[in-house]
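Reviewing the structure listed below.
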Amino acid sequence: MANKVQHSTIHWFRKGLRFHDNPSLLHALRTSRHVYPVYVVDQNWMKEHDIRYGANWWRFVIQCLEELDTRLRKYGLRLFVVRGSAEDFFKEHFRKWKVTQLTHDVDTEPFYRIRDVAVRKIASDMGVEVVTHVAHTLYDIDRTVERNGGTPPLTYRKFLKVYNEMGKPPKEKETATTEHFANCTLPPEALQDKKFDMVTLEELGMRCDFPAKFVGGETEALRRLEKSLEDKDWVLKFEKPKTSPNSLLPSTTVLSPYITVGCLSARLFYHQLDKIYSKAKNHSQPPVSLHGQLIWREFFYTAAAHTPNFNQMEGNRVCLQIPWNKNDEHLTRWRNAQTGFPWIDAAMTQLRKEGWIHHLARHAVACFLTRGDLWISWEEGMKVFEELLLDADWSLNAGNWMWLSASAFFHQYFRVYSPIVFGKKTDPKGTFIRHYLPVLKNFPKEYIYEPWKAPRNVQEKAGCIVGKDYPRPIVDHKEASQRNLDIMRDVRKDQKETASVTLGYGK
DNA sequence: CTTTTCGTTGCCACG
DNA sequence: ACGTGGCAACGAAAA
């Protein structure tokens, strides 16, 4: 090899749990004699920053880590799973392992940024060079914002304009493979150090008493990508709003969990789509196309990275200030699929048991919790999603919750999803409900979306008495949504007046 | 400045 | 089956 191969490098996996399109890993391998691949599990840090991934998410990530470890061992390396503070670990091991270089992806969430600044300081104090690359998003987000004049685009159209000016995102990098690892080794004592062996759910104090519907790992991610792109016609015609939220086989790709933890590169997905698009005469366009979905992700990442307090209402300049109610009983019932609205409860059951629900199902349950029915803050819903979703992503989660609650980005608050009618369009027989709420499975289709309306004898025949075997609806939808609509209108009127008064003072 | 148009995915009644 | 306008009417951006 022509270039000097002499660094002793820690490659820090956070997201980016992959060998394909991993520029910072490639850099580590190309410039080092020793490469220590590290993943940090720090529950205190997570608690401090209110990061609340649940057992299903951890199981998924551990599967990803196991695959990384297995593959690294084939190349003579291993994964070091660190317990506790990243700062403490680096302070100790930069010296112990004679580290001269640290490599990792650029991450934009505030909690990552704070920690990265601290780690960078430790590194510079100890003479460790830090090399980072943008690999999780399509573009370098700071440059997108620069291009937009210093602020993030806050409408999709505006974002598209910037996107069109910037040209296609960088091509994905080659996959790290045998030749990249050829010159990298680890000292035997490090290879055998049991302290850094794989973490388990038990160790994290967690339990999953249901099987994994979606298995983590890069191999599964790439297999799923390939399968998703198999039917070219489906890819070319894809329009998100036309996909079904309640088909038992997902009507979309379900690549989001893989992209979120980074065992699938968004850039790889982007360019594979691009190849298919370029060979065809016609294809669907953003925002509804598959490219459009990746651009939505980028849109929320960009807004989140440049909006202080993006995941809360208070101090968030893009978020409408709404006097939400606090109602722990209603929140708990929503969380635990006990609202008495079968379509809502079925979706929430799918979320809890599988960790993924269709985007439109998220719309339905989010609208129900916030502006539609329960008038509970979007922040509460966001927290539940973060705990239960495999694809929970800080930026997208907060952004979409603001969208659905009509707090930001989306303003047509009078368009309320009906918890009874909406699901019927794509699943009139209620197959989805019957699957996830077996207690209702024998209700005739006339009553499956509103079982409380079934006459007593029908309930008896179905073997399910509403109010006993399945809850009565916790609100009257018509009444609640109308009341909420009125409050929303008043809030907006008030805030417009306040804003103009403030403006008046400013002049 | 005002006016019009548009916005990934509402519901309902009517034809 | 599907399209349309009314509902009561949002904010951002184009015109």
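Predicted model only: the values in this text are computed from it and were never measured. Convention: sequence-line order gives letters A, B, ...; per-chain numbering from 1.
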>> Checking base pairs now: Watson-Crick or wobble, both atom distances under 3.5 Å. What partners C:dA9?
In response: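 Paired with C:dA9, as far as the under-3.5 Å criterion goes, is no nucleotide at all.
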> In the structure shown, which nucleotide is the Watson-Crick or G-U wobble counterpart of B:dT9, with both distances under 3.5 Å?
Replying inline: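 When the pairing criteria are applied, nothing turns out to pair with B:dT9, so the answer is none.
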What's [X] touching, base or sugar-phosphate or nothing? Going by heavy atoms closer than 4.0 Å.
X	answer
A:V288	base
A:K493	nothing
A:K158	sugar-phosphate
A:K161	sugar-phosphate

> From A:E172 CD over to A:Q272 CD, what is the distance, rounded to the nearest 0.5 angstrom?
Replying inline: 7.0 Å
Length of the [atom1]-[atom2] vector between [X] and [N], whole Å:
X	N	atom1	atom2	result
A:F414	C:dG6	CZ	P	15 Å
A:L154	B:dG7	CG	P	18 Å
A:Y156	C:dA13	OH	C1'	18 Å
A:D486	C:dC10	CG	P	13 Å
A:K425	C:dA1	NZ	C1'	15 Å
A:Q412	C:dA12	CD	C1'	11 Å

Can you tell me which nucleotide in [options] comes closest to the side chain of [X]?
X	options	answer
A:K478	B:dT9, B:dC12, B:dC11	B:dC12
A:Y417	B:dT8, C:dG11, B:dG10	B:dG10
A:Q293	C:dA9, B:dT8, B:dC11	B:dT8
A:T155	B:dC11, C:dG11, C:dA13	C:dA13

>> For a quick check under 3.5 Å, do A:E354 and A:Y436 share a side-chain donor-acceptor pair by atom type?
In response: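 Yes, a side-chain donor-acceptor pair sits under 3.5 Å.
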> For A:E165, does the CD atom have more than 12 heavy-atom neighbours from other residues, nucleotides or ligands under 6.0 Å away?
Replying inline: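 For A:E165, atom CD is crowded (more than 12 foreign heavy atoms under 6.0 Å).
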> Does A:K227 NZ have over 12 foreign heavy atoms under 6.0 Å away?
Replying inline: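 Result for NZ/A:K227: open.
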> Under the 3.5 angstrom rule, does the side chain of A:N397 hit a backbone N or O of A:M382 as a donor-acceptor pair?
Replying inline: yes
> Below 4.0 angstrom from OP1 or OP2 of B:dT9, is there any side-chain N or O of A:R415?
Replying inline: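 So the side chain of A:R415 is within the cut-off, an N or O lying under 4.0 Å from OP1 or OP2 of B:dT9.
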